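The block underneath contains the structure these notes are about, expressed in structure tokens.
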Amino acid sequence: MARNDKRKSYQMREINIIKDFMPNAQGSCLIEFGRTRVLCTATVQNQAPLYVPEGTGWLTAEYSMLPGSTGTRKARERMKYDGRSIEIGRLIGRSLRSVMDFTAIPGITITIDCDVIQADGGTRTASISGGFVALYLAVEKLIEKGQIERSPIKKYVAAVSAGMVGGTPLLDLCYTEDSSAEADMNYVGDEDGNISEIQVSGEKRTITGKEFTDLLMLCRQGVDRIIAKQKSVLEHKKEEE
Ligand code: UDP
């Protein structure tokens, strides 16, 4: 099946990450997957929620889409959040927490805010990949300032989507592909190829075990490439082709 932008089935859109995009936040970046653009910030608060064990800290996340980020205006969430935003905020939080050691940030809460400025599919996965970059930068500052002794980040984490479109498994769906997909997968994984979370929904039809594996393999390779990009931005490591 031919893709609008002539990508191969296993190709991702171009990824761009501009770090320190919002200098008032302790960590921030603008992340782009093709036309999808998300602003991610990490803010540090010297207080941990009462429900976390003594001597540990916490990370929480919020997600939102700006009114002009979509084709039809997205109403601001003034009085109440929409369910989708809450669901995505929680997914971002769980994904980032899965690679953290909270004993390294006792008495500290890090809040990740992901605001979509342009939506073209894959905003939740871009938020996780960009949220990680913001988190990493905030942690670097905490260490620099001597507020913590060691990094709470155990591993890199990133996320990508894939879906069955016209019977073909495709990586990193844009909006037109996403809206015609029979089923899609959101995959969150770490730098060792391990899984943090997978969501698969067969919205138009159920999928076979083989299709599940095909989507999984595409996503795993995609996450490897995103992590290489994160490392090139954060540690100036060269990306391998
Ligand atoms: N979308 C939209 N308005 C909404 C929700 C979604 O225009 O209120 C579009 C947007 O382009 C988004 C895509 O539909 O990226 C897919 O949405 P989905 O809920 O699958 O989340 P995403 O793929 O962005 O994580």
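Order of appearance sets the numbers: ligands from 1, and atoms from 1 within every ligand. None of these values were measured; they are calculated from a predicted model. Quick note: residue numbers are just sequence positions, from 1.
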Side-chain donor-acceptor pair under 3.5 Å between [X] and [Y], yes or no?
X      : Y      : result
Tyr63  : Arg84  : yes
Ser98  : Ser196 : yes
Ser201 : Asp184 : yes
Thr168 : Arg3   : no

In the protein, what heavy atom is nearest to [atom], and what distance, to one decimal place, separates them?
atom                    : value
atom 4 (C) of ligand 1  : Met65 SD, 4.1 Å
atom 24 (O) of ligand 1 : Thr123 OG1, 2.5 Å
atom 10 (C) of ligand 1 : Ala119 CB, 3.6 Å
atom 13 (C) of ligand 1 : Tyr175 CD1, 3.6 Å

Cationic N near anionic O, under 4.0 Å, [X] to [Y]:
X      : Y      : answer
Asp120 : Arg37  : no
Asp5   : Arg7   : yes
Lys210 : Asp214 : yes

Contact with ligand 1 for Gly121, non-hydrogen, under 4.0 angstrom: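 A heavy atom of Gly121 does come that close to ligand 1.
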From Val116, Ile128, Thr70 - option closest to atom 7 (O) of ligand 1 by heavy atom: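 The residue whose heavy atom sits nearest atom 7 (O) of ligand 1 is Thr70.
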Winner among Arg35, Arg84, Gln118, Arg124 once heavy atoms are compared against atom 5 (C) of ligand 1: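 Answer by nearest heavy atom: Arg84.
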Near Asp178, which atoms of ligand 1 are under 4.0 Å from a heavy atom of that residue?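 Matching atoms, with element in brackets: 16 (C), 20 (O).
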Lys74 heavy atoms, cut-off 4.0 Å: which ligand 1 atoms fall inside?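 Counting from 1, the qualifying ligand atoms are 8 (O).
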Answer with side chain, backbone, both or neither: which part of Asp120 has a heavy atom less than 4.0 angstrom from an atom of ligand 1?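 The answer is the backbone of Asp120.
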Nitrogen or oxygen atoms of Gly122 and ligand 1 under 3.5 Å apart: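 Yes: some nitrogen or oxygen of Gly122 is under 3.5 Å from one in ligand 1.
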